Amino acid sequence: MSNHHVYINGTWHKGNEEKRSIINPSNEQVITEINDASLQQTREAIEAARHAFQYTNWPADPSYRISVLRQLADLLEKDTEKFAYIETINTGKPIRESRLDVSDSVQCLRYYANFLEQRTMTEKKMADGTTSKIIAEPIGVCALIVPWNFPLLLGIWKIAPALAAGNTIVFKPSELTPLSLLELTKLIDSIGLPPGVFNLVPGGGSPVGETLVTHPHVEKISFTGGTKTGRWIYEQCAGSLKRVSLELGGKSPLLVFEDADLDNAVEWAMFASFLNQGEVCVAASRILVHEHLYDSFIDKLIKRLDSLHIGDPLDEKTEMGPLISSSHLEKVETYIQLGLQEGAVLLRGGERIKEQGYYLSPAVFVNIHQDMRIVQEEIFGPVITVQRFNNDKEAIELANDTIYGLAAGIFSRDLERAEQIARKLRAGTIWINSYHTPYVDAPWGGFKQSGIGRELGPQGFTAFTETKHVNISENGKPLGWYQ
């Protein structure tokens, strides 16, 4: 790989002199080394995006933007296997999950191209005879910041609507997983956008992230990541009333009622809890089971765990790969020790299982109480708690009893009852008898400290626009008190 990893104003540049090693979490080997963007380069990227927004026709030409999104979708789809491979070796997720990420990314690009093509301006004749037009205009320079767990997919979730709306972009991938975004930038470069419309500045929170958040010429921050960092970003943006969208942490519950299909609920619980090694903001890390099913659920869950295929993420049979890094593995292990210290019973797992790679067997805690840290705090790994409840009221209270509200799952044969319970859960996405699937044409985001704003769907487009009201009078005669 070239040592030019910074993309500014349509040109690749060499970053700072210090190299960052990118590690394959499955074998702890160095994949490549990256030169991060410098402070000065980050500022230059912002100014390039500002110039492109002010002095090119990009913001005013929707037909061109539609063409760009479709070209990018076609190129990405053509390179599915390449991107899936890159995503797998960089993140540790199983290859079949990486293919899904690429497919969903392609679908997202096409959705926003179609959305923009079909969109019409609102025009209304007012009571006084004037005409009002409601116009959605791009915000300007948007800084997009994504985490390491779904680098390509979460990147596209931001890039597609931001470009569709006519904004210009400065993109910061995670310092741990920049490889798929570097490859995507090559595709973007090949399309031939006006210089400055898209810029890539790899690096850590300091100086790259901090500069993007605090720079006066960045007009919108879209951030996906931890609640602590999101809170800091929100505080910084408040000073200048900078536009901000935050998709943050979660501690999502999965509720299994007494009339659920038990085998189906167990299989979905496995998927909900351990997809992408549990390194998912909406992972179902709290399983709430009706007392009539509790013992049977636990027995079947343990048997299913015993058959879980953990190993090389490039193996087509692998269901769970390694965690992202040594430091994150240690963080998850710390929570497992906290659970034991607080008196929870570790029923299964929580052990390192391979000599090489950051592998951890899925941990299941029982005999817990609601104020334990393993119940209240996001662990972001393959660690779940299983609790009993004995009625709908208790289930709802337990489900809502954290600072988070990103997602939830409900398993019941009684769909009317399930929908009634869904209305009482404080979460942005609720699945009934399924889990995890995002839909590009439906909103995604959280209640409470799980974030502000929504991605995907029409709401994801709106998040990258400012609304302008233009009122037109044909005769221009003054009206009102001074007439």
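Everything numeric here is computed off the predicted structure, so don't read it as measured data. Numbering starts at 1 and runs along the sequence shown.
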Side chains of [X] and [Y] only: does a donor on one sit below 3.5 Å from an acceptor on the other?
| X | Y | result |
| --- | --- | --- |
| D441 | Y111 | no |
| N35 | R20 | no |
| E210 | T214 | no |
| T11 | N9 | no |
| K448 | T402 | no |

Is the side chain of [X] donor-acceptor paired with the backbone N or O of [Y] at a distance under 3.5 Å, no angle test?
| X | Y | answer |
| --- | --- | --- |
| Y359 | G311 | yes |
| H4 | W12 | no |
| K317 | I310 | no |
| S245 | S222 | no |
| R50 | H217 | no |
| D315 | I95 | no |
| R286 | A284 | no |
| E466 | I139 | no |
| E97 | N276 | yes |

Neighbour count above 12 (heavy atom, 6.0 Å) for R99 CZ: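 Yes, CZ of R99 has more than 12 neighbouring heavy atoms, counting only those of other groups under 6.0 Å.
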
- prompt: Should the heavy atoms of other residues, nucleotides or ligands under 6.0 Å from NZ of K78 be counted, would the total exceed 12?
  reply: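 Atom NZ in K78 is not packed in, count stays at 12 or less.
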
Strictly under 6.0 Å, is that where the ring centroids of [X] and [Y] end up?
| X | Y | value |
| --- | --- | --- |
| W444 | W157 | yes |
| F461 | F115 | yes |
| F53 | W58 | no |

Pair H309-M320, side-chain contact (heavy atoms from CB on, under 4.5 Å): steps then yes or no: CA-CA 7 Å; H309 193 288; M320 200 178 99; over 6 Å; no

Return the minimal non-hydrogen interatomic distance between [X] and [Y], and the atom names on each side.
| X | Y | value |
| --- | --- | --- |
| A160 | Y112 | CB-CD1, 3.8 Å |
| S450 | G250 | OG-CA, 4.1 Å |
| V218 | A143 | CG1-CB, 3.7 Å |
| V6 | A37 | CG2-CA, 3.7 Å |
| V375 | I368 | CG2-CD1, 3.4 Å |
| P207 | S38 | CG-C, 4.5 Å |

Quick check for you: to the nearest 0.5 Å, what is the distance between [X] atom [atom1] and [Y] atom [atom2]?
| X | Y | atom1 | atom2 | value |
| --- | --- | --- | --- | --- |
| C237 | L241 | SG | CG | 10.0 Å |
| I384 | I374 | CD1 | CD1 | 10.5 Å |
| I66 | L69 | CD1 | CG | 8.0 Å |
| N27 | K354 | CG | NZ | 12.0 Å |
| T334 | I336 | OG1 | CD1 | 9.0 Å |
| L163 | L193 | CG | CG | 7.0 Å |

Do the side chains of [Y] and [X] get nearer than 4.5 Å, heavy atoms only?
| X | Y | value |
| --- | --- | --- |
| L248 | C281 | no |
| V146 | F171 | yes |
| L406 | E247 | yes |
| L72 | L187 | yes |
| L109 | R70 | no |
| H5 | K19 | no |
| P151 | E87 | yes |
| I8 | Q41 | yes |

Using 4.0 Å as the upper bound for N to carboxylate O, is an ion pair formed by [Y] and [X]?
| X | Y | result |
| --- | --- | --- |
| E77 | R110 | yes |
| E175 | K172 | yes |
| K158 | E455 | yes |
| R373 | E378 | no |

message: Using 30° and 60° as the class boundaries, would you call the ring planes of W148 and H328 parallel, tilted or perpendicular?
response: perpendicular

query: Which class fits the ring pair W431 and Y435: parallel under 30°, tilted 30 to 60°, perpendicular over 60°?
result: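 Plane angle between 30° and 60°, so tilted.
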
message: Applying side-chain hydrogen bond (donor to acceptor under 3.5 Å, both in side chains) to S103 and Q107, what does each step give before you reach the verdict?
response: CA-CA 6 Å; S103 176; Q107 186 182 6; 5.7 Å; no

query: Per the side-chain contact (heavy atoms from CB on, under 4.5 Å) rule, which among D101, L152, T91, T88 passes with S180?
result: L152

field: Result of checking V244, V213, T229 against Y234 for side-chain contact (heavy atoms from CB on, under 4.5 Å)
entry: V244

message: Run the side-chain contact (heavy atoms from CB on, under 4.5 Å) test on M270 and L308 for me, step by step, so that the C-alpha distance in whole Å, both residues' side-chain angles and the decisive distance to 0.1 Å come before the verdict.
response: CA-CA 9 Å; M270 290 286 297; L308 187 68; 3.9 Å; yes

message: Determine whether S26 and I89 satisfy the following criterion, side-chain contact (heavy atoms from CB on, under 4.5 Å), listing intermediate values before the conclusion.
response: CA-CA 7 Å; S26 70; I89 64 170; over 6 Å; no

- request: Tell me, with the steps shown, if W268 and S434 meet side-chain contact (heavy atoms from CB on, under 4.5 Å).
  value: CA-CA 7 Å; W268 274 107; S434 70; 3.7 Å; yes

- prompt: Within 45° of the ring axis of Y404 and under 6.0 Å from its six-membered ring centre, is that where the NZ or CZ of K251 lies?
  reply: no

query: Can K93 be said to sit on top of F150's aromatic six-ring, NZ or CZ under 6.0 Å from centre and within 45° of the ring axis?
result: yes

- request: Go through the steps for E183 and K82 under the test salt bridge (Lys or Arg N to Asp or Glu O under 4.0 Å), then give the verdict.
  value: CA-CA 9 Å; E183 199 66 28; K82 176 196 288 188; 3.4 Å; yes

- prompt: Which is it for E319 and R304 under the salt bridge (Lys or Arg N to Asp or Glu O under 4.0 Å) test, yes or no, and what are the steps along the way?
  reply: CA-CA 12 Å; E319 295 176 282; R304 181 63 180 87; 2.6 Å; yes

- request: Give the C-alpha distance, both sets of side-chain angles, the deciding distance and a yes or no for ring-ring contact (aromatic ring centres under 6.0 Å, His included) between Y7 and H13.
  value: CA-CA 6 Å; Y7 186 75; H13 302 267; 8.3 Å; no

